There are 4 protein chains.
Amino acid sequence: MRADARRNRELIVTTAADLFVERGPEVSMEEIARAAGVGVGTLYRHFPDRRALVEAISVDALQRLLDYGRAVSEQDVSGWEALRLIVRRCTELPLALATSVTGGSALPGRAELPGLVQAVNAELEWAAARAQREGTLRRDIPAREVIALISVAVCRPGARIDDPLVRVVFDGLRATGA
Amino acid sequence: MRADARRNRELIVTTAADLFVERGPEVSMEEIARAAGVGVGTLYRHFPDRRALVEAISVDALQRLLDYGRAVSEQDVSGWEALRLIVRRCTELPLALATSVTGGSALPGRAELPGLVQAVNAELEWAAARAQREGTLRRDIPAREVIALISVAVCRPGARIDDPLVRVVFDGLRATGA
Amino acid sequence: MRADARRNRELIVTTAADLFVERGPEVSMEEIARAAGVGVGTLYRHFPDRRALVEAISVDALQRLLDYGRAVSEQDVSGWEALRLIVRRCTELPLALATSVTGGSALPGRAELPGLVQAVNAELEWAAARAQREGTLRRDIPAREVIALISVAVCRPGARIDDPLVRVVFDGLRATGA
Amino acid sequence: MRADARRNRELIVTTAADLFVERGPEVSMEEIARAAGVGVGTLYRHFPDRRALVEAISVDALQRLLDYGRAVSEQDVSGWEALRLIVRRCTELPLALATSVTGGSALPGRAELPGLVQAVNAELEWAAARAQREGTLRRDIPAREVIALISVAVCRPGARIDDPLVRVVFDGLRATGA
DNA sequence: TATGAATGAGTGTTCATTCAT
DNA sequence: GATGAATGAACACTCATTCAT
């Protein structure tokens, strides 16, 4: 892939992600192309249809989340803190587009997706397990379910790390002794 | 209003609500009409445009919720239990259509809406206040905010009373001593 | 025909005529009915379709014009003055609805129409002939054509007796010696 | 603008103008597109809505009229003759669509319109003024009003240079001495 | 007989997608 | 490879007309 083509592709993905966040999921392909400064034709050369574009945005977002999650894991932070950091990152990324990221059932098109979701979940589960060992995260909920829970709380459009909802979820997950 | 017209109106509202829940917010007016067994014209006679239909569904749902909430309040149940009952009812009603029940800012068309939202909130706040007095609901969060929180947790499409999310929110709201 | 039915009929015709003049030819049947204070059903009982209503308005207008023309003819006014009076009356009646009143070709539905048009034309032609004899109307244009001419000038929507157009037409028709 | 796009645009404008003249102002967009041999989408790409199309037709017609008027002015013809030539051209162009050429008040959408109307009026006024100086056009009517008058006579659907109406208007405008 | 609710074909318009330039 | 013009199916909405109450 030529350098300029790759640059166009990235440009389209990030522009589209921004537009979707700002203006809802009904933005037209024409408008996305215009905002990215390319013609529709170019957009369609990179993404055969609208679905493919949404998938690409999701893959991109998950990839960034995974990179971040791994970076966090390599640092010396507690499991609980790691959980918080990753969750904050979630609220900055357009994860809500692909309806249920954790389920992964929504977008069967791209082969990477399940793998990515798996990898992100693994990262989260590892943090959760650590937090449970550290005694800061409730032990009566399986780590797997904790992740599902956090996903629902955080993968809504407009979710924020300091939302009352997110705050209370974290409170609800806090081990009572902590 | 003639009896058959009223019957049609109700039929349309409930059919549309079901369709919106089952198939998302993009169902076409034509399809709604067909599902209700009427012509598009009839649909448009009752609701001048799509917005008006969504509003009617919301008003209807809120009205049912309010009726239920009042019935609950008249029975001899604890504040905490009242909260749970009302929340369960929420998950059975198409409240998510009107974006945010508490804000009520979304649908300025119908005059009843703000009043209904107010009334429902009053009912919820009363239950919450009772629960706080009973020592089952955290006292460090204002009742008003508790309501907002519950609304977010429960007014999502597909929310269920036994969702992990809802469960954890309730856990997070439980007074630590209880 | 019952008295109230007749009253309804007249009410509908005049109301519709006014509405057509005020708001253009696209007013809906529903709106006409509402303005007349009856249901659409009643409107359709009197006039089987929209065309029939327009025809009725035209017939009504022509009838009034004819009545007026005959009244004028029975008075002691010059041919030229009679022409002016009848023309003024034209501008007060909704004649423009039926596109070309003189031609009569437009509305083949009602049997009265050609006869009425004929009668009105006869009245006008008689006035024109007198005016030509009196030496006030150009003799080099056949009376028949004079009438056609006046019709065009005066059967436009919004025509007025003191329009520049109407004024100049009369000037152009004035015998040069007069 | 690409060559084929420009060709399509012109094709649409002229086809639509013809259709409007032949079949009245209610022709459907679908039909216009079909007659022009393009899809509706193409029509709407060029003209965002029906109004815009009518405006474009008017602008086009006025532009042609202006070109013709200027060409006439540059030739050695009398003011009266210039008036007649321009008026004949009017009857060949779809000017009646834009309700009143002189007022120009009708179509505020396109910026060119008032300017074009102005320019055409200027051309006509200049011819009228010359005709008044030449003694062929009545001097007791201001040139401005003469133009308004001619406009009404000639901007009717179906107006023709040899209409009795137009003929008589010209007769009415002729200086009595001429 | 009067009413107004119901009907559904038809209109303007949008937008994902294709394809000539 | 990039562009944006062309396409047409699909949608929201209107309104003349019919028919149950």
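First the proteins, then the strands, lettered A, B, ... as listed; each starts at 1. It should be emphasised that the depicted structure is a prediction, and the values quoted were computed from it without experimental measurement.
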Calculate the interatomic distance between [X] atom [atom1] and [N] atom [atom2]; express it in whole Å.
| X | N | atom1 | atom2 | result |
| --- | --- | --- | --- | --- |
| I32(B) | dA10(F) | CD1 | P | 17 Å |
| I12(D) | dT7(F) | CD1 | P | 9 Å |
| L53(B) | dC11(F) | CG | P | 16 Å |
| D49(D) | dA12(F) | CG | P | 20 Å |
| R7(A) | dG1(F) | CZ | P | 15 Å |
| R51(C) | dC15(F) | CZ | P | 20 Å |
| R9(C) | dA2(E) | CZ | P | 13 Å |
| E26(C) | dT11(E) | CD | P | 13 Å |

Who pairs with dT3(E) - Watson-Crick or G-U, where each distance is under 3.5 Å: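 Paired with dA20(F).
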Nucleotide paired to dC15(F) in any strand shown, Watson-Crick or G-U, under 3.5 Å: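 The base-pairing partner of dC15(F), which may sit in any strand shown, is dG8(E).
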5' priority, DNA chain E, between L43(C) and R50(D) [closest heavy atom]: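 The residue whose closest nucleotide sits nearer the 5' end is L43(C).
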E30(B) vs M29(A), nearer the 5' end of DNA chain E by closest nucleotide: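 Its nearest nucleotide lies further toward 5', so the answer is E30(B).
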Once you apply a heavy-atom cut-off of 4.0 Å, does [X] come out as touching a base, just sugar-phosphate, or nothing?
| X | answer |
| --- | --- |
| D4(C) | nothing |
| R45(B) | base |
| N8(A) | sugar-phosphate |

Y44(C) side, atom OH; R50(C) side, atom CZ - distance, nearest 0.5 Å: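 Here the interatomic distance stands at 7.5 Å.
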Member of L65(D), V13(D), L93(D) meeting the side-chain contact (heavy atoms from CB on, under 4.5 Å) criterion with D60(D):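 For D60(D), the side-chain contact (heavy atoms from CB on, under 4.5 Å) test succeeds with only one of L65(D), V13(D), L93(D), which is V13(D).
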With respect to the side chain of [X], which nucleotide from [options] is positioned closest?
| X | options | result |
| --- | --- | --- |
| V40(C) | dA12(F), dG4(F), dT17(F) | dT17(F) |
| A5(A) | dT13(E), dA5(F), dA2(F) | dA2(F) |
| S28(C) | dC13(F), dT13(E), dA16(F) | dA16(F) |
| Y44(A) | dA16(F), dA16(E), dC13(F) | dA16(E) |
| V38(B) | dT3(F), dT7(E), dG12(E) | dT7(E) |

Heavy-atom side-chain proximity of [X] to [Y] below 4.5 angstrom:
| X | Y | answer |
| --- | --- | --- |
| F47(B) | I12(B) | yes |
| R7(C) | D4(C) | yes |
| I32(C) | L53(C) | yes |
| D67(C) | Q63(C) | yes |

With a cut-off of less than 4.0 Å, is there a side-chain N or O of [X] near OP1 or OP2 of [N]?
| X | N | answer |
| --- | --- | --- |
| T42(D) | dA5(F) | no |
| R2(B) | dA5(E) | no |
| H46(B) | dA6(E) | yes |

Closest-nucleotide ordering on DNA chain F, the 5'-leading residue of G37(D) and G41(B):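 Residue closer to the 5' terminus by nearest nucleotide: G37(D).
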